[in-house]
Amino acid sequence: MHASLPDFDMPTEEQVHLAAESFRLLADPTRIKVLWALLQGESSVACLAELAGAAPTAVSQHLAKLRLAGLVKGRREGTFVYYSAADNHVRGLLAQALHHADHLDRDLPSAHAHHPS
């Protein structure tokens with residue numbers, strides 16, 4: 001049915017899995033804060049930890065995962081490592097997600113609201 005539609009296109013299995021992995025990696029508030037900060041310029045773990053409101057050890061672990069995924073890169077200078085966003089592709093993704101969050105329907109009942117039985 002869909003195949004008969006002109007211009008109908010499906011991503012490859014590899015594309016789908018890589019996209020899902022990117023979303024999985026970004027499904028963490030600390031990683032979103034860290035990545036957003038890095039999109040604005042190079043930074044150290046200590047500075048990123050302060051910006052994200054997280055412990056430096058936790059931020060280091062997040063950065064290691066983001067680095068393995070190719071989303072951030074590190075530059076060593078003496079005993080310090082300065083991190084930066086690997087490229088700008090993720091900026092659009094994060095900007096869209098944050099913009100979407102601003103426009104969600106806020107009239108839904110809160111998950112934490114008390115419901116009498």
Side-chain angles (χ1 to χ4, degrees):
M1 172 177 148
H2 292 94
S4 66
L5 297 172
D7 301 328
F8 184 78
D9 186 31
M10 285 292 288
T12 66
E13 283 300 307
E14 184 183 16
Q15 287 172 320
V16 169
H17 287 287
L18 289 172
E21 179 64 10
S22 292
F23 282 126
R24 189 182 68 74
L25 276 168
L26 296 175
D28 180 280
T30 300
R31 287 187 199 153
I32 289 174
K33 289 178 192 173
V34 164
L35 214 39
W36 192 257
L38 290 176
L39 284 165
Q40 296 171 70
E42 191 176 68
S43 192
S44 68
V45 171
C47 185
L48 290 168
E50 191 176 314
L51 287 169
T57 51
V59 169
S60 278
Q61 290 171 352
H62 287 303
L63 284 165
K65 288 177 181 159
L66 292 169
R67 194 175 183 172
L68 276 173
L71 295 173
V72 302
K73 56 189 176 189
R75 177 181 66 80
R76 185 171 291 284
E77 196 172 285
T79 58
F80 289 97
V81 178
Y82 293 94
Y83 290 91
S84 58
D87 61 41
N88 247 353
H89 289 117
V90 81
R91 177 187 300 272
L93 194 59
L94 284 181
Q96 283 293 320
L98 292 167
H99 179 75
H100 176 69
D102 277 345
H103 295 86
L104 289 174
D105 184 354
R106 301 279 190 226
D107 295 334
L108 296 173
S110 169
H112 302 293
H114 177 70
H115 296 289
S117 336

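Just so you know, these numbers use all the heavy atoms, side chains as well, and skip hydrogens, waters and symmetry mates.
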Which heavy-atom pair separates Glu77 from Tyr82 by the least distance, and what is that distance? CB-CE1, 3.9 Å

Separation between CG of Leu66 and CG of Leu38, rounded to the nearest 0.5 Å: 8.5 Å

My understanding is that only residues two or more places apart in sequence, or in another chain, count here; which of them pass side-chain contact (heavy atoms from CB on, under 4.5 Å) with Arg76? Val81

Could you tell me the separation between the CG atom of Leu71 and the CG atom of Leu39, rounded to the nearest 0.5 Å? 9.5 Å

If hydrophobic clusters are built by linking Ile, Leu, Val, Met, Phe, Trp and Tyr wherever their side-chain heavy atoms come under 4.5 Å apart, do Val16 and Leu25 end up in the same one? no

Looking only at heavy atoms, which two atoms of Val90 and Asp87 are closest? And how far apart? N-OD1, 3.9 Å

Could you list the donor-acceptor pairs under 3.5 angstrom formed between side-chain atoms of residues 43-64 and any protein atom two or more places apart in sequence or on another chain?
residue	atom	partner	partner atom	Å
Ser44	OG	Cys47	N	3.3
Ser60	OG	Pro56	O	3.4
His62	ND1	Arg31	NE	2.8

Answer whether the closest heavy-atom distance between the side chains of Val34 and Tyr83 falls below 4.5 Å. no

Transitive ILVMFWY side-chain link Leu94 to Phe23, under 4.5 Å: yes

Non-hydrogen atoms of Ala86 and Lys73 that approach each other most closely: O-NZ, 3.9 Å

Within this structure, what is the NE2-CD distance for the pair His17 and Gln15, rounded to the nearest 0.5 Å? 11.5 Å

